[in-house]
Every structure is written in C-alpha cells, then in structure tokens.
Amino acid sequence: MGRDKATMQVPGGTSTLVERVVKVIGQRCEHVFVMAAPGQPLPTLEVPVVRDEVRGLGPLPATGRGLRAAAEAGAQFAFVCAVDMPFLTVELIDELVRLAEETNAEVVLPWDGRTHYLAAVYRTDLADRVDALVAAGERKMSALIDASDAQQIVVTDSRPLTNVNSAADLRVPVQPGL
C-alpha cells in the first residue's frame, strides 16, 4: 500500500486498524499482544507491544515471539491475526478456538479458497518450532504449517478474513462502534 496499515483510520470511526483489531480480540482473549517492527509508529495501546528484533524478516519470527509471549502469560492457544482485518469478528475467533480445543490440533486455519495463516489459532508451544525454522532460514508461515498438525476449516462467511490491500478496501464501513 505504500504506507503502514496499522495506523490507517477505520472509515466512519475514530480508531485505527490496530486499535479496532485489538478491541475485537480483547473481547475474547485474556491477553493481547501487538507485534510491531522496530520503530514502527503506533497509537497509544492498552496492551503490550512486542517489537521484532530485526526489521523485514516477515511474519514467521514475529509469530514465534507472539506465541512465546502468550505462553509466558499462561495461554495454551493464541489467536494470531494481521492488523489489516477491519471486518474481524469475535464469532470467527470463537469458532477457531472451539475447533482447536476439540481437535487439539497445533494450528487451526480458516480456508475460503486460500489459506489464512494470519487469522488462525496456534498452540503457544509452537514458539520453539518457529525459532528452529527461522534459524534454518525459513521466513514463510507455510513452513510452520507444513511442520505442524494443522487443520484447515472451510468458512462460509469469509468477510471477517478480508485484508485491506488498498485505500479502496477501507471504503466499506465496518460495524458501528468498533
């Protein structure tokens, strides 16, 4: 997009994308962590911000750091998502967590014609596996999925999985009050 998505304003509201995602996740998750690049500007958030150690390595190392932070907070599972999901719902989180608990899978990913690595539930004990993959030179989330017991679920309503990839994607208003 040529700019940081986290600080983009949500249409019709007074919050940024990162604030909106934190608010939705906070309705279901006891601990919420925001992963950010070194020096990345963010609005003031009421949750911990964990910074990447090195800029530009992609989401895999950041996911590992987030999983480790969630594990240290006592969580067995973590919902991991991108900040650019303005239509994220608590219902999606609930469904993925329910399936993770029922199947005891290491990863539960939604699928709507494509795999959503950054809208999934991961077991927090995968942090060490992520570290080993990163040490071996891996940077793609698919490497973690390939090395894990992952369950993909088909979702009928893919709107909550929508990512913002252009300013036009934000022209459709999100739910009022969020």
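Remember, predicted model here, so these are calculated numbers, not experimental data. The basis for the numbers below is simple: all heavy atoms, side chains too, and nothing from hydrogens, waters or symmetry mates.
- Side-chain contact check for Arg114 versus Asp112: some heavy-atom pair is nearer than 4.5 Å.
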Please report, to 0.1 Å, the donor-acceptor pairs under 3.5 Å made by any side chain of residues 69-77, with sequence neighbours excluded.
none

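- Listed by chain and residue number, nothing satisfies the salt bridge (charged side-chain N to carboxylate O under 4.0 Å, His left out) test with Asp157 (two or more places apart in sequence, or in another chain).
- Residues that satisfy the side-chain hydrogen bond (donor to acceptor under 3.5 Å, both in side chains) test with Ser142, not counting sequence neighbours, are absent from this structure.
- A search for salt bridge (charged side-chain N to carboxylate O under 4.0 Å, His left out) contacts involving Arg123 returns Asp125, not counting sequence neighbours.
- For the pair Leu17 and Val10, the minimum side-chain heavy-atom distance is below 4.5 Å.
- Side-chain atoms of Ser158 never come within 3.5 Å of backbone atoms of Leu161 as a donor-acceptor pair (strictly under, hydrogens ignored).
- In this view, Glu138 satisfies the side-chain hydrogen bond (donor to acceptor under 3.5 Å, both in side chains) rule with no residue, not counting sequence neighbours.
- Legend: salt bridge (Lys or Arg N to Asp or Glu O under 4.0 Å) pairs involving residues 31-50, not counting sequence neighbours: none detected.
- Closest approach of Ala120 to Val108, counting heavy atoms only: CB-O, 3.2 Å.
- Salt-bridge formation is not detected for the pair Lys23/Glu19: no Lys NZ or Arg NE/NH1/NH2 atom is positioned less than 4.0 Å from an Asp or Glu carboxylate oxygen.
- Contact of the Val164 side chain with the Met85 side chain is not registered, since no non-hydrogen atoms from C-beta on lie closer than 4.5 Å.
- Asp94 is linked by a salt bridge (charged side-chain N to carboxylate O under 4.0 Å, His left out) to Arg28, counting only residues two or more places apart in sequence or in another chain.
- Between Arg98 and Glu95 a salt bridge is recorded (basic side-chain N to carboxylate O distance below 4.0 Å).
- Residue Val50 is not grouped with residue Val47 when hydrophobic side chains (ILVMFWY) are merged at heavy-atom distances under 4.5 angstrom, including chains of intermediate members.
- Side-chain heavy-atom separations under 4.5 angstrom define the hydrophobic clusters, and the remaining members of the one that includes Leu118 are Leu60, Leu67, Val80, Val107, Leu109, Tyr117, Tyr122, Leu126, Val130, Leu133, Val134, Met141, Leu144, Ile145.
- Looking only at side-chain heavy atoms (C-beta outward), Leu88 and Ile25 come within less than 4.5 Å of each other.
- For Asp84, the side-chain hydrogen bond (donor to acceptor under 3.5 Å, both in side chains) criterion is met by Lys5, Asn163, not counting sequence neighbours.
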Sequence neighbours left out, cut at 3.5 Å: what donor-acceptor pairs do the side chains of residues 32-40 make with other protein atoms?
unit_1, atom_1, unit_2, atom_2, d
Gln40, OE1, Ala37, N, 3.0
Gln40, NE2, Asp4, OD1, 2.7

Evaluation steps, side chain to side chain contact (heavy atoms under 4.5 Å, CB included), between Ile153 and Trp111: CA-CA 6 Å; Ile153 63 155; Trp111 186 83; over 6 Å; no
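- When all heavy atoms of Ala62 and Asp52 are compared, the pair lying nearest together is CB-OD1, 3.3 Å.
- Arg51 is listed as a side-chain neighbour of Val49, based on a closest heavy-atom distance under 4.5 Å.
- Sorted by first and then second residue, the side chain to side chain donor-acceptor pair (under 3.5 Å) pairs involving residues 143-153 (not counting sequence neighbours) are Thr115-Gln152, Arg129-Ser148, Asp149-Gln151.
- Annotation: the span from Thr162 atom OG1 to Phe87 atom CZ amounts to 6.0 Å, rounded to 0.5 Å.
- Taking Thr103 as the reference, nothing meets the side-chain hydrogen bond (donor to acceptor under 3.5 Å, both in side chains) condition, with sequence neighbours excluded.
- Of all heavy-atom pairs spanning Pro41 and Thr7, the tightest one is O-CG2, 3.4 Å.
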